[in-house]
S.K.: 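Quick one: the structure is below, and I'll ask about it shortly.
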Number of protein chains: 4
Amino acid sequence: MIDLAGIVPPVATPFTADGDVDTASLERLCAFLLDAGVDGLFAGGSTGEIALLTDGQRDTVVRTVVGTAAGQVPVLVGAVDTGTRRVIDHARRAETLGADAVVVTAPFYVGVHPDEVTAHYRLVHDSIGVPVVAYDIPSAVHTGLPASSLAELAQSRHIAAVKDSSGDLSAFRRVLRLTEGTGLRVLTGSELLCDLALGLGAHGAVPGLGNVDPDGYVRLAAAAFTGDAETATAEQERLVELFDITSVADRSRVGPSAVALGAFKTALYLRGVIDHPAAAAPLRPLDEAETDRIRDLLTRAGLGVVR
Amino acid sequence: MIDLAGIVPPVATPFTADGDVDTASLERLCAFLLDAGVDGLFAGGSTGEIALLTDGQRDTVVRTVVGTAAGQVPVLVGAVDTGTRRVIDHARRAETLGADAVVVTAPFYVGVHPDEVTAHYRLVHDSIGVPVVAYDIPSAVHTGLPASSLAELAQSRHIAAVKDSSGDLSAFRRVLRLTEGTGLRVLTGSELLCDLALGLGAHGAVPGLGNVDPDGYVRLAAAAFTGDAETATAEQERLVELFDITSVADRSRVGPSAVALGAFKTALYLRGVIDHPAAAAPLRPLDEAETDRIRDLLTRAGLGVVR
Amino acid sequence: MIDLAGIVPPVATPFTADGDVDTASLERLCAFLLDAGVDGLFAGGSTGEIALLTDGQRDTVVRTVVGTAAGQVPVLVGAVDTGTRRVIDHARRAETLGADAVVVTAPFYVGVHPDEVTAHYRLVHDSIGVPVVAYDIPSAVHTGLPASSLAELAQSRHIAAVKDSSGDLSAFRRVLRLTEGTGLRVLTGSELLCDLALGLGAHGAVPGLGNVDPDGYVRLAAAAFTGDAETATAEQERLVELFDITSVADRSRVGPSAVALGAFKTALYLRGVIDHPAAAAPLRPLDEAETDRIRDLLTRAGLGVVR
Amino acid sequence: MIDLAGIVPPVATPFTADGDVDTASLERLCAFLLDAGVDGLFAGGSTGEIALLTDGQRDTVVRTVVGTAAGQVPVLVGAVDTGTRRVIDHARRAETLGADAVVVTAPFYVGVHPDEVTAHYRLVHDSIGVPVVAYDIPSAVHTGLPASSLAELAQSRHIAAVKDSSGDLSAFRRVLRLTEGTGLRVLTGSELLCDLALGLGAHGAVPGLGNVDPDGYVRLAAAAFTGDAETATAEQERLVELFDITSVADRSRVGPSAVALGAFKTALYLRGVIDHPAAAAPLRPLDEAETDRIRDLLTRAGLGVVR
């Protein structure tokens, strides 16, 4: 049984100038993350632009990440789609391609009752052979996963872990409390509260910014897990400042997803890890002034840039 | 060139007890709608549970509806998905299967800027050979299509029609005003304001309740298009009361989608049009008491029931 | 017993350069509205910046409007505040100053249950001697008044009228249906759907834009009430275009309230009705370019300007 | 100059059976809090039902709290109202009655731009002689106070402190970072993340649950301020469980405000501190079963009950 814990970056998906998956850049990114000592790779999360990838592109991403990971660390794969049967199709495909676990949100587009959401997770669990990670991301799916639902699903072993991207640390604390003793792995999706979440007993983190500075998050987690809160906090404070790259883009010109994803990919491009900074259509790229500002923030955070 | 106008019901998707698409019931439903004199069929809308159908099920639905329509009326097909490339894949598939137009929402799951939304529509338009209908459904995708964006896309001929499910008749009126002279077909998705929308100059309607009482909407439109506002309103008032079937289900037990979809399908089941009332997993079915209440409302609206 | 029907503009509150209530301008505005033939005056609505007026300023406004109306038409007064007892204090004061009815929203700031909202209306009704008008304005108070609650309060005679500023014409239609026969006066707060609302059977309208062009709304209502839908619609279409004055201000610089209120007051200033266009602090005034644009729109709508 | 730091409970407002302020109970509550060693008292916060109190009741509350505090600790007073001039009237009145600082939210009911919000705070500051505490409570006023606005107001000394009830610890951390060196006192309004907020450098906390268990919060803060994170966390965990009293009431019967306020007041009633548990109209009281459940939770948390 795999262990879902530690730093598991949601791997960005690099594209070529034509908008195809740039597998060479993706392999380089995975290697960059593995070299930093991450504990897992999450392919096809929100940061991986899962919602903008075709099924074919999703397969390419999973194959590439699984291939590069080569069993060194577990690979989680997002089975993100609107309805249960669609999710099951993606999950089975991911399992076939070598995923060690699948990451599943609540249904979206449709409006669902909390009991329909738990039924959704049970149906997905019963249809596949790898563990299910519940993905709580109300900003994207407009439905939250209440702590009580997670506790119920953890108790009945329908989910093996949760990735909490709710931004609500009170609720996160409640999840930790209500799932104690169930074996559920509780992972935070927050870039900014990692030190606190790990200090509270979280088993790991899935930070989008971990693409840009995996070493920082690995050091943060190592400190947190050995009880060195001071070092963890100092590292976190540096990463909080680095996260300012996601406030650089002009929101009167680009949407919220492009603002954040564009910043991560521009940073990876400047650091020489990937070849093109663009996000998938229809998201707009950052402009030159915004790119310059990100270069400055990377340098200030002590990260090397090559462009 | 097809004409997108008149009453175009968003066809419900009947399932067998096993959750497969019940093609016999679907054919019966299409025939029921065509017999009533509808002007088009919209397969794979929100009412058709598009978000809950696998790709295979979507194909089955499109094939069945296209086959049953047999060229008598245009068939619109929902190409509903989160991102541009995914939508293009669905749209091409629908075109191949015989769709006369594809219906496309704004991107969702991701957060987008209005200019990214218009780029999305232009990219979809440029990738297929059939007209694009913009689907404004903020309750599902959490992004609205501003009148100014629709006017821009109509002017440049990237969209041929809009289906407005915003519920905001002021905005609808503004769309009509700003797109006058562009040839854009403006369709309302409202069940309850059809008479008023058509009176304002809308070219048609796409009412979910039209599955249950297509004759009513056909009569309503006929009256509205010939300037007989009184008859249109009387018909509308009757349909408003019939729409109470969507308030029957207990919201402490089933989610908002199941409440409405369950009502339409239960009504079709009671009327003898389809064989099973259930919506797709994970949506919950209505219970017996709720079914009884729907039977009463059908009878009160003068609609025959066989169960 | 007064009759709450017809065109009842929510009177704007003009200020001097020092931010005091400009009673001379306010008298001129009331006279301007009365000359146009309005059927009532609503002092202290959202358009009257009730939320920004001190208690002393509220009294001045009520005294001035009541004095200028001089019994020619009923004067409605907003008793807008967060909680029941606060509302009762305002309502009693308004009654003492000569209000013919008080206009009351759901509680806000606090989060309330629908049954707590109906209790609120019953308590206010039982504490005063003039009729209560329910004010449904979810954009301001973030709680709607469901049709069922309004029907219950109409049946028990705790409210005499409702002003619907929800923007949801389906819900409005439902209110009309559920309160039929109760004697409840149903007024729309929409500037843009007045013709349709009156056509559906609404008893009147409370349009903010009625400050700027009361003659237009009076003509619209006269046509609607005599069944001349064509004239009503033509008048409405002209007013819809005039309403574009509320889209002029730059939302990256001023807030939503200042955008709309600033437009109305700037228009009244340009028309020579009031002496200063400013809204109350902290709302920002429109700038010169925005003022020029409003002047153009007034002229295009056939309204005279003197500045 | 007073120091706004440490544990500052937002004092609940007890009522008599008739709905008047129960000054004897309020004095007892203040004494109970002071005995526990709190560092300040906040009269007229959301927990104090400020939105439901008449101006006369607000005065009674302030007089009673100021009188009982008798200079032992600073008294903060909420000047909560919709608009700037209304807030200034309340703030001046509070100053006259002996408030050491006034607590001010963003404007509400109206829709405002961030720059209009900062103008609001500057105008309030310039009108009174006591410090202004910014109250960030988007759940009540539907407008947040961005970290950048708070930093600007702290830099220019228009605000002396902020009470953060946003529930967003990432944003809180950003406020701490951006206001470092300005002297701004940063207080958390969270009951559940007090240990973490103080650990991050917050200067104090304003927990509603502090009414019920002031000793717990005082111990928590003492531990946090002396760097004993373990004790602080243990105390917090106990308080998190106690906070379950706010999940007891049935939300199908009472609104969100009554659920929380009713729980605090019922607990104070059971503990013998106040004579009646009811909140102000129109909020509904908890029922007997809910009261029993709160009694259990108090006992489990080690708190004595007398009823």
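Throughout, protein chains are lettered first and strands after them, A, B, ... in sequence-line order, and every chain is numbered starting at 1. Side chains are part of it too, since the values below use all heavy atoms of this structure and drop only hydrogens, waters and symmetry mates.
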S.K.: Quick check on D/Asp81 against chain C: is it the side chain, the backbone, both or neither that has a heavy atom closer than 4.5 Å?
M.R.: side chain
S.K.: Return the orientation label for the D/Phe108 and C/Phe108 ring planes: parallel under 30°, perpendicular over 60°, tilted otherwise.
M.R.: perpendicular
S.K.: Relative to chain D, which segment of C/Ile137 carries a heavy atom at a distance below 4.5 Å: side chain, backbone, both, or neither?
M.R.: side chain
S.K.: Any sub-3.5 Å donor-acceptor pair from C/His113's side-chain atoms to D/Pro256's backbone N or O?
M.R.: no
S.K.: Measure D/Glu49 against the heavy atoms of chain C and call it side chain, backbone, both or neither at under 4.5 Å.
M.R.: neither
S.K.: Short question: side chain of D/Glu116, backbone of C/Val254 - any donor-acceptor pair under 3.5 Å?
M.R.: no
S.K.: Calculate, to the nearest 0.5 Å, the distance between atoms CG and NE2 belonging to D/Asp55 and C/His90 respectively.
M.R.: 7.0 Å
S.K.: Check whether C/Arg86 reaches the backbone of D/Leu53 with its side chain - one donor and one acceptor, N or O, closer than 3.5 Å.
M.R.: yes
S.K.: Look at D/Asp115 together with C/Arg253 and state whether they make a salt bridge at an N to O cut-off of under 4.0 Å.
M.R.: no
S.K.: With chain C as the partner, which of D/Ala51, D/Pro114, D/Gly83, D/Gly56 has the greatest number of non-hydrogen pairs under 4.5 Å?
M.R.: D/Ala51
S.K.: If I measure from the heavy atoms of chain D, does C/Arg122 come under 4.5 Å with its side chain, its backbone, both, or neither?
M.R.: neither
S.K.: Over all heavy atoms of both residues, which pair between C/Leu52 and D/Arg85 is shortest? Give the atoms and the distance, please.
M.R.: O-CB, 4.0 Å
S.K.: Return the minimal non-hydrogen interatomic distance between C/Thr84 and D/Pro282, and the atom names on each side.
M.R.: OG1-CD, 3.0 Å
S.K.: Checking side-chain polar atoms at under 3.5 Å, does D/Tyr109 have a donor or acceptor matched by the opposite partner on C/Thr105?
M.R.: no
S.K.: Under 4.5 Å heavy-atom distance to chain C, tell me which part of D/Leu123 shows up: side chain, backbone, both or neither.
M.R.: side chain
S.K.: Taking D/Val117, D/Leu261, D/Val112 one by one, which has the highest count of heavy-atom pairs under 4.5 Å against chain C?
M.R.: D/Val112
S.K.: Can you tell me which of C/Leu283, C/Ile88, C/Thr118, C/Val259 forms the most heavy-atom pairs within a distance under 4.5 Å of chain D?
M.R.: C/Leu283
S.K.: What distance separates C/Ile50 CD1 from D/Thr82 OG1, expressed to the nearest 0.5 Å?
M.R.: 8.0 Å
S.K.: Considering only heavy atoms, which portion of C/Val87 lies under 4.5 Å from any heavy atom of chain D: side chain, backbone, both, or neither?
M.R.: neither
S.K.: Measure D/Arg251 against the heavy atoms of chain C and call it side chain, backbone, both or neither at under 4.5 Å.
M.R.: backbone
S.K.: Heavy atoms only, distances under 4.5 angstrom: which of C/Ala280, C/Ala260, C/Ser139, C/Ser252 has the most pairs with chain D? Name it, please.
M.R.: C/Ser252
